[in-house]
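Here is the structure we will look at.
When a ligand or atom number is given, it counts from 1 through the structure's own listing order. Predicted, not measured: the structure shown is a model, and the values here were computed from it.
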Amino acid sequence: MARFIFITGGVVSSLGKGLASAALGALLQSRGYSVRLRKLDPYLNVDPGTMSPFEHGEVFVTDDGAETDLDLGHYERFTGVAARNTDSISSGRIYSTVLEKERRGDYLGKTIQVIPHVTNEIKDFIRIGEDEVDFMLCEIGGTVGDIEGLPFFEAIRQFSQEKPRGECLFMHLTLLPYLAASGELKTKPTQHSVKELRSIGLAPDILLCRSEHPIPEKERAKLALFCNVRADCVIEARDLKSIYEAPLAYHDVGLDRAVLDAFGISPAPKPQLVKWQDVADKVYHPDGEVHVAIVGKYTQLGDAYKSIAEALTHGGMHNRVKVTAEWIDSEIFEREDPAAYLDQFNAILVPGGFGERGTEGMIKAAEFARTRGIPYFGICLGMQLAVTEAARNLAGLKDAGSEEFDHESGQKRFTHVVYHLKEWVEGNRTIQRDATDDKGGTMRLGAYNATLTEGSQVAGIYGGTAISERHRHRFEVDTKFRELLEDVGLVFSGMSPDGKLPEIIELPGHPWYIGVQFHPELKSKPFDPHPLFADFVRAAMEHSRLV
Ligand code: GLN
């Protein structure tokens, strides 16, 4: 039966609760324990699938096809444990389940209330799979005091009361602001945040304090006294140059030790940190640098492509180089020559995206990479547009385009080399969708197998011909155009096992021109970089030697 660690946040948001949870998970693993991490989000959206990437950052997709919060990406990258559908929940989903049950009559006409109906639903969610791991880490989104968060805080309070003593632990992440004028770290906001927690019946066992400066002994003692935690449970969380140093940094300040002590686990198994030492060494001691342009639409917010940025870093670590990624808004290339912007880069990546805006600029970037011999990596939309570019400029199909954009404009303007997928096979089930299905319900989501052509560039990169990768899209490259495109040199080197859906395209003769219909970035880890990203960065290094 698992022990539970609940991670809450106070003072301000964006303190890195997800990262702290992930790093703690990795540290527990380093001592031989199995872990699972979970995110409970108070917002009312049913899932993050339909939330704007500008507001919410990337949608992280699990193998079993859930569209989840990007923190699940951190969890996977740090622990290597594949996240599941049941590892992420929002108030919206909880309420919609409760209301569905009410409509079905499951509550036998009782008055439906936050306590106990909503809180029970939350507790049921927390318990899923509790006998599978040693530690279950549950992060509550938002900060203490948020109105929407209350049912979650109440649910974890009840939950810890129902468990035997000593099986639940509360960790609270706060900020110690630094006042430059007086040269002091201030503890008052943390005291208030803990007071708020205690007013709803929760007492933190561990205080994790984000701080730009070391916490002096006096402040530490004050925090312990006023927040009612032990002095060795006031843990300093300093800013780090790389997130991949987090497990080592948290270990150095005694986080895993404090957690195991609080559970009364003594003596604790010794940690094996070689893996993380190796990761930190590779991040901090690169032997060179490559520059990659990411040409996309959601470029204002780095978090919109979080996993891509991380996967590029992993690819760099594999090759011992620093990857400097620059985000370029593709719309620029609809007005200006891409050469002025892209000439200085060693590789170009066009990531996933939805909608027509900026796509003509992405097509220009693909053309530039193809004709100049610059490594090109097209992911999802980036593959669809590479195919469109080849259809237009190599095969002479001048009006080639995606049905997605005709749907949007309501006019038929393109020959659909990329068409709306309405039926596909999942395992031995056939799935059918039509354009009127709910938003969020119409995508091919989650892990699907693909078969790679023997002897192709990608089979070499993967070191095999059977792969499984995660998908999140509605549209597919149409195999009707396969022959036309292969005649002009664009090879369909990866297909769904039934041969119906193109999964990978490549361009023999070009140093590195690969498009994939799936999202390889979601499976990359610092200690296990995705082969496509590792090889893309290698190709970028080769390109950097040429220029
Ligand atoms: N908009 C495209 C589709 O739905 C690509 C999606 C993506 O890049 N994730 O097929």
### Query
Does the gap between the ring centers of H314 and Y244 come in under 6.0 Å?
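Yes.
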### Query
So, does N319 use its side chain to make a donor-acceptor pair with the main chain of A534 at under 3.5 Å?
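Yes; at least one donor-acceptor contact below 3.5 Å.
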### Query
Taking the side chain from K525 and the backbone from R77, do they hold a donor-acceptor pair closer than 3.5 Å?
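Side chain of K525 to backbone of R77, a donor-acceptor pair under 3.5 Å: no, none is there.
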For [X], which residues count as a salt bridge (Lys or Arg N to Asp or Glu O under 4.0 Å) partner, sequence neighbours excluded?
X	result
E245	none
D239	R210
E486	R482

### Message
At less than 4.0 angstrom from any atom of ligand 1, which residues have a non-hydrogen atom? List them by chain and residue number.
### Response
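Shell around ligand 1 (4.0 Å, heavy atoms): G352, G353, F354, C380, L381, Q384, E404, R472, H473, R474, F475, H519.
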